[in-house]
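Reminder, nothing fancy here: chain letters follow the sequence lines and each chain counts from 1.
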Amino acid sequence: MTQVRYDPEIVEQKWQARWQAGNDFAVSVDLDKKKCYVLEMFPYPSGNIHMGHVRNYSIGDVVARCKRMQGFNVLHPMGWDAFGLPAENAAIKNHTHPVKWTYANIDAMRTQMQRLGYSYDWSREIATCRPEYYRWEQMFFLRLLQNDLVYRKKSPQNWCPSCHTVLANEQVIDGFCWRCESRVEQKDLVQWFLKITAYGDELLDDLSLLENGWPARVLAMQRNWIGKSIGATVMFGLAEEHADAGIDVFTTRPDTLFGVTFMTLAPEHPLVERLITGYEKADEVRAFVKRIRNMDRINRQSDTLEKEGIFTGAYAVHPFTGERVPLWLGNFVIADYGSGAVMGVPAHDQRDFDFARKYNLPVRVVICPEGKSLEADGMDEAFTGEGIMVNSGPFNGLRNEEGKKAVADALAAGGRGSASTQFRLKDWNISRQRYWGAPIPVVYCDRCGVVPEKEENLPVLLPLDAKIGDDGRSPLTELSSFVGCDCPRCGGRARRETDTMDTFVESSWYFARYTDARNASAPFSQDALEYWLPVDQYIGGVEHAILHLLYSRFFTRVLRNMGFFPKDLSEPFTNLLTQGMVLKDGAKMSKSKGNVVDPTEMINKYGADAVRLFCLFAAPPERDFDWSDAGIEGAFRFLGRVWRLFVEEKARFLPLGACGAGDADVQSEQAAELRRKEHLTVKKVSEDMGGRFQFNTAIAAVMELVNAMYLVRERLGMDEADRRVFSSAMATALTLLSPIAPHICEELWERLGHSVPLFNQPWPDWDQSAAASKMLTIALQVNGKLRGSLEIQAEADKAALEQAALADPAVKRHTEHLTIHRVIVVPGKLVNIVAG
RNA sequence: GCCCGGGUGGUGGAACUGGUAGACACAAGGGACUUAAAAUCCCUCGGCGGAAACGCUGUGCGGGUUCAAGUCCCGCCUCGGGCACCA
C-alpha cells in the first residue's frame, strides 16, 4: 500500500479480482428500482478482441457505470454470437473441431475482456451455440411455421461458391459475399424463408418511433432497404390466342396508363415460352433469353449495361381503350421486383423513352405541363413533371396527381387492378448449407411430406461427432445418425433437414435471453421481459444498420404477436449509438495491411484505464478515429498526473470529504474559484456523459478540473474551509472519472479512506448558484468586431453594462469619430456598439 | 439520379437554443531540474504585419438575413456512406 508510482497492472488486477469475487455487477429484477438495460452488440468469438471491440464495450461500460451511479438498476450483460462460418474454416485449417475452437476462443476473449474491467453481469453470459440457447430458437421456428410466417420455396438464390451456402439479400454487398468477398452466383434451390415482407409496412412506419433515439442515417438506410413504392397494379388481358391469360404490372404512375405504347417483361417471366410459341422468330427470342439469363448479377445490374429488348410477337390488351399493346422482353426488367413486367410509357419515363426511340415504338403524350401543349414528335426527353391529363378518355383535364387515385379507383371498379404497394425488401432466406449452426427442426417423410419436429423433442441437437471435411461442405448430409430419424407424425423412417439456420436468427432475439439467461423451462420469463425490455441503450457498429437491426425489429414484432414478448413492445432498442471505426494510419486495421494494434499489448504497456480513456477521448463516439501511439501516451500521462495529485495531497483530504461538501462562504478567492470549477465540471460532465454521449468533452472537463487543482494547491490554505473545498473537488474528480477509468479511481478512493466502493456512489449534483461566478468577463464589440473586454459584477444590469462599455478606452478609441446609433447588451455575454 | 452525413490550426478535436472561434489534448519549438537520460514542471504555438501595444485576416466556395453567422437561408464545390435500369 505504499506504492508511490502509478502502476496500472497492480491496481487493475486488484480491483478486477474484487469485482469478480464480489459478483458486484450481478443484478436481479427489482420492481422498486428504475431499470436501465445497456447492451453492446455481442461479438463473434474469433479468439482475439480488437480495438473496435474495446471502443464499443468501453462506451457501453461508461454508460452502464454512469446509470448505475445515477441510481438505476442496470442490466449490462455480455455473450457470444458463436455459430458461423469462421469456426468451420478454422476447424478445417487447424484440424480441430468447431466446438473446441469456439469454446477455447470464448475463454480467451472473456479473459481479455475482464482485463478491461467492464462491469458485466457475467452470470448471464450466453453462447448461441449451446443447445440451451438454440433449442428456443428451434421452438420459435416451429411457432413461426404454425403462424404461417415460414415457408419453403424454390427460387434462384444468392450462392457463395467459396462458402458453399446461400446468402440472404442483405448479405450480398455489390454482388459479393459479405464474408469472403467471393462473387455471388445464382442457383435454384429449395429454401426456408421468413416472411419479413409481411411486416414491411410496420417496419417502415415504426421507424418514426425511433426518430429521437436512432441516428438519422441508420433510419435512412432502413427506409432505403425496405424501399416502399406506392402505385397501382394493372391487370392487362392478352390478345387473340392467349386471351385466357393475363399479365399484372405494377406502376407508380397509374396516371400515365393511357400513354402505354408497349410492355416489357423480364426474360425470366413465366409466360415467355407460351407467348412465343408459334411466333416465327421464336428461336431468336429464346436465344435472347438464354443470353441474358447467363449473365451474372453484377453485369446484369451494372448501370453501363445497354438496354436491349426483343419483340415476342404477342400483344396485351389495354384495360381502358382495348388497344393492342406489343409485348417485349427487356434485359433491364427485374424478375423478382413487382411482377417482373413493366408498362412502357415513353412520353413520361426516360428509360421507356430511350427504349422507344431505339426500337421505333410510338410515343403518346398523356400529361401536359399546365398551360402548355406537348407534341410527341418534338420531344427529346421524357416529360416527368406534374401537369394536366390529356388523351386519357374520362380522365382528361384532371391534375395528374389526382389522376393517380382516379385511375386506380376506376381499375378497381372494373376489376382490372387496384391501388397497391411494392417493397424492395424480400423475404429472409434463413437456410444455410453449413454445419456450424442451429439445425432447422423439420423432417422429410415419404408418406407425410415436410413434417415439423415436435416441440417436446427439442432441441434437435447439432451432432458434435461430425467430421469436418476439407472441402467445406456440410458433413451433416453424410451423417446417417443425424439424417436418419423417425417421422414425428407417422413414426416411420424419415430424413432430417440438414440445412442450419442463418446465424442472424440467433442474434435477432439474444437481447431477450439475457433477461433470464439460465431459464431451463422457457426462453425467458414474462416477469423478466416486462421489467427489462426494451433495451434502453444499444451500442454497436454501423455495419449492422440493416442486417441485424432490421431482423431484430422484425423478430420483436413476431414474438410479440405470438405472445412471447410484452403486448406493448414494438421496438427492441429505444436508443442506438453507432460507434465509428478505429483506424490506423487512415486505414481499417487488418492483418494483411499489418497495421493492427493489439489491445492486450496496449493494456500491458499502459493499463486498461489508459486504453479506455484514450478510446473515449480521441473523438466523439460516432466518428471514426485514428489510433495514435502518442495519444495513448497522453492518456497515460494524465492518469499519472491524477495519481500524483491524490497521493501527494492525501494529507489535505478531510475524512468526510464528499462531492459538493465545500462551504459556500469560503474565505479565499482561490478556494471559491475551485469550488465554482467543481460545480461547473459536474454540470458539464453530467450533460456530456448522460445525454449527449460526448465522452471526449466530458474527459476534457475533468482534465480542466484536475489542472485547476494543480494550480491552486500551492496557494490554498490548510484551514478547515479551504481543505473542505479541496477535498470535495478531489471526491468529485474521482467520481466523475470513475466510469471511464474505474480501476485507478477505486484505488485512489480507497486510499482516501473510503470503505464503500466508488462504483455504487451516487452521481454528484451541481448547484446552480455554486457554479455561478461573481465576476464576469463581458466581450466588447464595435460593429460586431471584438475590441476589448470588461470585468464586471455578475449582477450588473443592462444600463450599468452599457455605461461601463462606453467608458472603456478601447471602445472609445474605435468610436471616436463615429455617431453611436445603438447599443446592444446581452447580459452575461457582450455589449455591441453600433456606430457609423 | 434519390436519401443521409461531413468539410474548423501541423494533428485529434471544442464552441449548449446565432453572441469573445480554436476548449482539452497530441505534435513541434524554447526553458528549468539532472553528471546524463527518463520522468516532471514552466513558456510559446491559425495566418500576415509589428520589438510591443495593437491592427488586418481567418471555420470548403459565392451570395443573403442580422447589431452579430462555424452556427440560419439560397446557390455551388468536395469527401464519406446507403439505395439504384425498382417500373
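Looking at the side chain of A/Arg637, the nearest of the listed nucleotides B/rU20, B/rC85, B/rA27 is B/rA27. When distances run from any side-chain atom of A/Tyr337 to the nucleotides B/rA87, B/rA23, B/rC4, the shortest one goes to B/rA87. Of the candidate nucleotides B/rC86, B/rC26, B/rC67, B/rC67 has the atom lying nearest to any side-chain atom of A/Ile824. With B/rA84, B/rA87, B/rC67 as the choices, the nucleotide that has an atom nearest any side-chain atom of A/Val834 turns out to be B/rC67. In this structure, the nucleotide among B/rU20, B/rA23, B/rA68 sitting nearest to the side chain of A/Ala779 is B/rU20. Each of B/rC4, B/rC85, B/rA14 was ranked by its minimum atom distance to the side chain of A/Ala216; first place goes to B/rC4. When distances are taken from the side chain of A/Leu830 to each of B/rG19, B/rA87, B/rA27, the shortest belongs to B/rG19.
Here B/rC86 presents its C1' atom at 14 Å from CD1 of A/Ile230, a figure rounded to the nearest Å. Between the C1' atom of B/rC85 and the CZ atom of A/Arg351 lies a distance of 5 Å, rounded to the nearest Å. Atom P of nucleotide B/rC67 and atom NZ of A/Lys785 are separated by 17 Å, given to the nearest angstrom. Separating the CZ atom of A/Phe423 from the P atom of B/rA87 is a distance of 13 Å, rounded to the nearest angstrom.
OP1 or OP2 of B/rA87 sits under 4.0 Å from a side-chain N or O of A/Ser229. Taking only side-chain nitrogens and oxygens, A/Gln694 comes nearer than 4.0 Å to OP1 or OP2 of B/rA14. For the pair A/Asn224 and B/rC86, the criterion of a side-chain N or O lying under 4.0 Å from OP1 or OP2 is not met. Between A/Arg692 and B/rA15 there is a side-chain N or O to OP1 or OP2 distance below 4.0 Å. Between A/Arg787 and B/rC56 there is a side-chain polar atom (N or O) within less than 4.0 angstrom of OP1 or OP2. Applying the 4.0 Å criterion to OP1 and OP2 of B/rC41, one finds that A/Arg644 has a side-chain N or O inside that range. For B/rA14, the OP1/OP2 oxygens have a side-chain nitrogen or oxygen of A/Arg623 closer than 4.0 Å.
Summary of the strand contacts: A/Asn696 and A/Arg822 both lie near RNA chain B, and taking for each the nucleotide with the nearest heavy atom, the more 5' one is attributed to A/Asn696.
With hydrogens and angles left out, the side chain of A/Asn832 and the base of B/rC67 share a donor-acceptor pair within 3.5 Å.
No side-chain donor-acceptor contact under 3.5 Å links A/Ser229 and A/Gln422.
A cation-pi arrangement is present between A/Arg424 and A/Trp225, with the terminal nitrogen or guanidinium carbon under 6.0 Å from the aromatic centre and inside a 45° cone about the axis.
Scored by the side chain to side chain contact (heavy atoms under 4.5 Å, CB included) test, A/Gln579 finds A/Arg55, A/Asn56, A/Ile59, A/Ile539 as partners (sequence neighbours excluded).
Counting only Watson-Crick and G-U wobble pairs whose two key distances fall under 3.5 Å, RNA chain B forms stems of three or more stacked pairs at B:1-7 with B:77-83, B:10-12 with B:24-26, B:28-32 with B:40-44, B:46-49 with B:54-57, B:60-64 with B:72-76.
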